[in-house]
Visitor: 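Here it is: the structure, laid out below.
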Amino acid sequence: MTPADLAEAVVSAIRAAVDAGDLAVTPPDSVVIERPKNRDHGDYATNAALQLAKPAGRPPRDVAEAIAAHLRTSTSIAAVEVAGPGFLNITLSDAAQGELARLIVAAGSAYGTSDTLSKEKVNLEFVSANPTGPIHLGHTRWAALGDALGRILTAAGADVTREYYLNDAGVQVDRFAESLRAAALGHEAPEDGYVGDYVTAIADRIVAAHPDITTMAEPDALAIFRREGMELMLAEIRKSLAEFGVEFDVYFSEQAMRDKGELDAALASLRAHGHVFEQDGAVWLRTTDFGDDKDRVVRKSDGEWTYFAGDCAYYLDKRERGFDRLIYMLGADHHGYVGRLKAVCASFGDDPDKNVEVLIGQLVNLLKDGEPFRMSKRAGTIIWMTDLVDLLGVDAARYALSRYSTDSPIDIDLDLWAKQTSDNPVFYVQYAHARISSLLRNAVELGITRGDDYDPSLLAEPQEGELLGALGEFPRVVTSAAELREPHRVARYLESLAGTYHRFYDACRVLPMGDEPATDTTRARLWLVEATRVVLANGLGLLGVSAPERM
RNA sequence: GCCCCCGUAGCUCAGUUGGAUAGAGCGAGUGCCUUCUAAGCACGAGGUCGCAGGUUCGAGUCCUGCCGGGGGCACCA
């Protein structure tokens, strides 16, 4: 019996109580089922009676008793107690609890997926780093988190498009081209230009392909540096993202959007909605109508579009492609954008509370020996995604960036995350999976199979109950992580599950010792172990972290 | 000055969207391997949930103010 099944059973019991005249309320569609921290409070607890006390006009404990009487008729439920202010503490029968392993094994990689968000067409935009440099540490947090969130939303049934906004038009790209040319000529980088090993590396490649470029007229040279520099940079970005396990469905080119006249179209639409005005020779959007700090310029007095104009057009483009939920993942240094993005949404006549969601991620620092870490070989202090992967590997890097709330700034202790010990959370979780895989291999060698079925009531040890209960939580963890846009919940859950498994493993021998024969308990436990493996693998998969069979 | 985020055990952080006695891990202590991976497990100490009010049956969680830390407030991108 899953928590969801139990919730339905409680709702049914409430309906039965109402039908029997024991309770005068409108039965709720669903109730909250909790897994209590304290096992004295049963396998599961619900506060349904506390919620219904007011509409029923009766003390919570009375309501609880009325529900409990009807709940006790279920054969899956071993005990129901009314406790505290009116909680219902429910203990499942061993058989009902043990059934879960079968359900999980049968579902396999689908266990944890649901159709909770099936009505949502989500556009998930993340990373969107300018193609003027490699992916740095801050972007890397979003690469890990955005990709994980995409997987989690998909698991929850949402129709997700992962998108990278390519800022390939405008001043930054011009500066990049100028910086490349300066590097090629051995000149100093221009003011506000780009510096670093990667700039000279790309410049060298372009010079190699166009030996005459250093003697070419400046405009002609810049055009080549601009076009090819961006291509090479983007290729490098895509390569490092791919190595990190991150794939986008759409790389959305700002330049292409401009070429299609979408900026003019967006401005016309905003004008039609009545939020555009002219002042000091510039064209403005009156975002203060919708709570922004100040109005924003769309087109400068010199006729150039602002970056913000792109935001407006891009928003409209996404909406016209049918997305009703636009999720933007931004760094803390961009949190000032929230107001204007919401205002853009409202200016087009949409609902900023529904159509636009902005997730703000706090900053990431690396620590080594308790001190801020710097790349020693380089003058620059910027740390790239590839540096982090070199230091920790993809699994540890992704996991380290995914296990914390986006609200909290994170200090990644390189010593800790590079460790091959249980101090390192990702190893702790992966080790549980490897340990299970090893056990299952041993079972095969001993010629023991779990068979087509097992007796679920044999999974009656306390550690088995704990493990089953933990496995049963997984679908709810996934849906809550999806609904709250909080991938770290999956990581924390996996750590807890790994611990629960290790305790089970310590307490319950699975395979027979010596010449002993395999028993029904052996087979029942093999189902439970395989179910655990499935959940660990599915959960790690949601984070884009591998589930190794050997370590 | 205004806006956003944070403040929970010595350290790093969770806290099931308002529930029962606030939890893990690390650090430090003591045990547990002649058989499934000891990269593991078991046993304890450690707290005014920044402070002060408020909302209610009930607040770490919601509201207000204050203190402290981080980040941000362009006709830049």
Side-chain angles (χ1 to χ4, degrees), chain A residues 32-38 40-41 45 47 50-51 53-54 59-60 83-87 89 130 132 167 169-173 175 192 279-284 292-294 296-302 304-308 310 331-339 358 360-363 367 370 403-411 413 416 419-425 427-428 430-432 434-443 445-446 473 476-477 480 483-484 486 488-489 491-493 495-496 498-499 501-514 525 529 550-551:
Chain A
V32 176
I33 299 290
E34 290 187 331
R35 186 142 177 98
K37 283 167 255 182
N38 187 340
D40 294 341
H41 297 151
N47 64 353
L50 289 161
Q51 303 290 345
K54 193 175 275 184
F87 290 100
N89 292 341
N130 285 353
T132 53
N167 187 214
V171 183
Q172 294 304 322
V173 188
R175 284 188 191 147
D192 296 326
Q279 186 181 303
D280 304 330
V283 182
W284 300 66
D292 194 11
D293 297 342
K294 55 193 68 170
R296 307 290 170 179
V297 172
V298 178
R299 185 172 235 165
K300 297 187 249 179
S301 52
D302 64 5
E304 287 293 311
W305 295 106
T306 60
Y307 185 86
F308 178 67
D333 53 343
H334 285 73
H335 88 259
Y337 287 38
V338 179
V358 186
I360 300 297
Q362 300 299 315
L363 304 180
L367 295 182
R403 89 183 274 269
Y404 303 94
S405 161
T406 56
D407 287 338
S408 57
I410 49 182
D411 293 325
D413 180 341
L416 171 69
K419 267 189 201 171
Q420 311 269 312
T421 76
S422 63
D423 300 356
N424 179 344
F427 277 88
Y428 185 75
Q430 289 183 313
Y431 176 62
R435 213 181 195 190
I436 289 173
S437 301
S438 172
L439 190 159
L440 295 175
R441 281 194 300 272
N442 292 338
E445 274 184 32
L446 293 171
E473 289 304 297
R476 301 205 292 186
V477 170
S480 67
E483 288 172 344
L484 298 169
E486 293 184 350
H488 75 276
R489 287 171 183 271
R492 300 296 174 151
Y493 165 79
E495 290 167 32
S496 165
Y501 176 76
H502 288 309
R503 284 187 286 280
F504 156 80
Y505 180 90
D506 196 61
C508 302
R509 177 81 197 186
V510 177
L511 298 175
M513 293 208 272
R525 286 181 176 167
V529 167
R550 287 187 170 81
M551 290 175 74

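Chain identifiers are assigned alphabetically (A, B, ...) following the order of the sequence lines, protein sequences preceding nucleic acid strands; residue numbering begins at 1 within each chain.
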Visitor: Between rA39(B) and Phe427(A), is there a base-stacking contact, meaning the centre of the base's six-membered ring lies under 5.5 Å from the residue's ring centre while the planes stay under 30° apart?
Guide: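 Phe427(A) vs rA39(B): stacking no.
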Visitor: Within this structure, what is the CG-to-P distance between Leu50(A) and rG18(B), rounded to whole angstrom?
Guide: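 It is 15 Å, rounded to the nearest whole Å.
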Visitor: In whole Å, I'd like the distance from the OH atom of Tyr501(A) to the P atom of rA42(B).
Guide: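 To the nearest whole Å, that distance equals 14 Å.
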Visitor: Reckon Lys294(A) has a side-chain N or O less than 4.0 Å from the OP1 or OP2 of rA74(B)?
Guide: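 So the side chain of Lys294(A) is within the cut-off, an N or O lying under 4.0 Å from OP1 or OP2 of rA74(B).
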Visitor: Give the rounded distance in Å between these two atoms: CZ of Arg296(A) and P of rC75(B).
Guide: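 Spelled out: CZ on Arg296(A) to P on rC75(B) is 8 Å.
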Visitor: Does the His335(A) side chain pair with the main chain of Ala332(A), one donor and one acceptor, at a distance under 3.5 Å?
Guide: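 Indeed, once roles are kept as given, a pair shorter than 3.5 Å links the two residues.
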Visitor: Looking at every strand, decide which applies to Ala83(A) at a 4.0 Å heavy-atom threshold: base, sugar-phosphate, or nothing.
Guide: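 Result for Ala83(A) = base.
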Visitor: Taking O4'-C1'-N9-C4 for purines and O4'-C1'-N1-C2 for pyrimidines, is rC33(B) syn (within 90° of 0) or anti?
Guide: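 That one's syn.
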Visitor: P atom, rG44(B) versus rG69(B): distance in rounded Å?
Guide: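 Taking atom P in both rG44(B) and rG69(B), they lie 39 Å apart.
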Visitor: From the set rC41(B), rC75(B), rU37(B), return the single nucleotide nearest to any side-chain atom of Ser301(A).
Guide: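 Per side-chain heavy atoms of Ser301(A), the pick is rC75(B).
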Visitor: Tell me, what's RNA chain B's dot-bracket, Watson-Crick or G-U with both distances under 3.5 Å, | for other-strand, [ ] crossing?
Guide: (((((((..((((.....[...))))..((((.......))))......(((((..]....))))))))))))....
Visitor: Expressed as a whole number of Å, how far does the C1' atom of rC13(B) sit from that of rA22(B)?
Guide: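 Their C1' atoms lie roughly 14 Å apart.
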Visitor: Look at the side-chain N and O atoms of Asn442(A) and state whether any lies under 4.0 Å from the OP1 or OP2 oxygen of rU37(B).
Guide: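 Answer is yes, contact under 4.0 Å.
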Visitor: Please report the interatomic distance CD(Glu486(A)) to CG(Asp407(A)), rounded to the nearest 0.5 Å.
Guide: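 If we round to the nearest 0.5 Å, Glu486(A):CD and Asp407(A):CG are 7.5 Å apart.
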Visitor: Kindly point out which of rC36(B), rG72(B), rA39(B) is positioned nearest to the side chain of Tyr505(A)?
Guide: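 Given the options rC36(B), rG72(B), rA39(B), the side chain of Tyr505(A) is closest to rC36(B).
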Visitor: I need the NZ-C1' distance between Lys54(A) and rG18(B), as an integer number of Å.
Guide: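 Rounded to whole Å, this separation is 13 Å.
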Visitor: Return the nearest nucleotide to the side chain of Tyr404(A); candidates are rA39(B), rC41(B), rC13(B).
Guide: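 Closest nucleotide to the Tyr404(A) side chain: rC13(B).
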Visitor: Quick one: which of rA38(B), rA39(B), rA14(B) gets closest to the side chain of His488(A)?
Guide: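 Nucleotide nearest to His488(A)'s side chain: rA14(B).
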Visitor: Nearest to the Asn47(A) side chain among rG19(B), rU35(B), rA14(B), which nucleotide is it?
Guide: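 Of the candidates, rG19(B) comes closest.
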Visitor: Do any N or O atoms from the side chain of Asp302(A) and from the backbone of Glu304(A) form a donor-acceptor pair under 3.5 angstrom?
Guide: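 Yes, because the side chain of Asp302(A) sits within donor-acceptor range (under 3.5 Å) of the backbone of Glu304(A).
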Visitor: Would you indicate which nucleotide in rA20(B), rU17(B), rC36(B) comes nearest to any side-chain atom of Val32(A)?
Guide: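 Minimum distance to the Val32(A) side chain belongs to rU17(B).
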Visitor: So, OP1 or OP2 of rA38(B): does either fall under 4.0 Å of a side-chain N or O from Tyr428(A)?
Guide: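 No, Tyr428(A) has no side-chain N/O under 4.0 Å of OP1/OP2 on rA38(B).
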Visitor: Roughly how far apart, to the nearest Å, are rG54(B) and rA59(B) at atom C1'?
Guide: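 That atom pair is separated by 11 Å.
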Visitor: With respect to the phosphate group of rG15(B), does any side-chain polar atom (N or O) of Arg489(A) fall under 4.0 Å of OP1 or OP2?
Guide: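 Looking at the OP1 and OP2 atoms of rG15(B), one of them is under 4.0 Å from a side-chain N or O of Arg489(A).
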Visitor: Can you tell me the distance, in whole Å, between the CZ atom of Arg492(A) and the P atom of rA24(B)?
Guide: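 So the CZ-P distance, Arg492(A) to rA24(B), works out to 14 Å.
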Visitor: Protein-nucleotides 4-6 of chain B N/O pairs closer than 3.5 Å?
Guide:
residue, atom, partner, partner atom, Å
rC5(B), O2', Asp407(A), O, 2.7
rC6(B), OP1, Asp407(A), OD2, 3.4

Visitor: Taking any heavy-atom pair under 4.0 Å as a contact, classify Ala45(A): base, sugar-phosphate, or nothing.
Guide: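 Result for Ala45(A) = base.
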Visitor: Provide, to the nearest angstrom, the distance between the CD atom belonging to Gln51(A) and the P atom belonging to rG19(B).
Guide: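 Checked: the CD to P distance equals 10 Å.
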Visitor: With sugar-phosphate meaning primed atoms plus P, OP1 and OP2, does Glu445(A) contact a base, only sugar-phosphate, or nothing at under 4.0 Å between heavy atoms?
Guide: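 The answer is nothing, as Glu445(A) stays clear of every strand by at least 4.0 Å.
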Visitor: Taking only the C1' atom of each, what is the distance from rG18(B) to rC62(B) in whole angstrom?
Guide: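 Their C1' atoms lie roughly 8 Å apart.
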Visitor: So what does Ser405(A) hit on the nucleic acid, given a heavy-atom distance under 4.0 Å: a base, only sugar-phosphate, or nothing?
Guide: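 Since only primed, P, OP1 and OP2 atoms lie under 4.0 Å of Ser405(A), the category is sugar-phosphate.
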Visitor: Counting only side-chain heavy atoms from C-beta out, which of rC75(B), rU37(B), rA14(B) sits nearest to Ala282(A)?
Guide: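 Of all the options, the side chain of Ala282(A) is nearest to rC75(B).
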Visitor: In whole angstroms, how far is the P atom of rA74(B) from the CG atom of Asp302(A)?
Guide: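 Distance, rounded to whole Å: 18 Å.
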Visitor: Heavy atoms under 4.0 Å, any strand shown: does Val171(A) hit a base, just sugar-phosphate, or nothing?
Guide: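 Val171(A): backbone/sugar contact only, no base atoms under 4.0 Å.
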Visitor: Return the value, rounded to whole Å, for the distance between atom CZ of Arg509(A) and atom P of rU35(B).
Guide: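 Value for this atom pair: 9 Å.
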Visitor: Would you mind telling me which residue lines up with the more 5' stretch of RNA chain B, Arg503(A) or Arg476(A), judged by nearest nucleotide?
Guide: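 On the 5' side of the pair lies Arg476(A).
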Visitor: Provide the distance between the two P atoms, one in rA74(B) and one in rC3(B), to the nearest whole Å.
Guide: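 Looking at atom P only, rA74(B) and rC3(B) are 15 Å apart.
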Visitor: Among rA39(B), rG71(B), rC41(B), which nucleotide has an atom closest to any side-chain atom of Ala332(A)?
Guide: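 Closest nucleotide among those given: rG71(B).
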Visitor: Measuring only the P atom in each nucleotide, how far is rC26(B) from rU48(B)? A whole number of Å is fine.
Guide: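 Rounded to whole Å, the distance is 23 Å.
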Visitor: Any idea which of rA38(B), rG71(B), rC75(B) is nearest the Arg435(A) side chain?
Guide: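 When the side chain of Arg435(A) is considered, rA38(B) is the closest of rA38(B), rG71(B), rC75(B).
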Visitor: Which residues satisfy the ring pair (Phe, Tyr, Trp, His ring centres under 6.0 Å) test with Tyr404(A), sequence neighbours excluded?
Guide: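 Listed in chain order: nothing, the list is empty.
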Visitor: For Pro85(A) and for Asp293(A), locate the closest nucleotide of RNA chain B by heavy-atom distance; then report the residue assigned to the nucleotide nearer the 5' terminus.
Guide: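 Of the two residues, Pro85(A) wins.
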Visitor: Using a 4.0 Å heavy-atom cut-off across all strands, classify Asn89(A) as base, sugar-phosphate, or nothing.
Guide: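 Touches a base.
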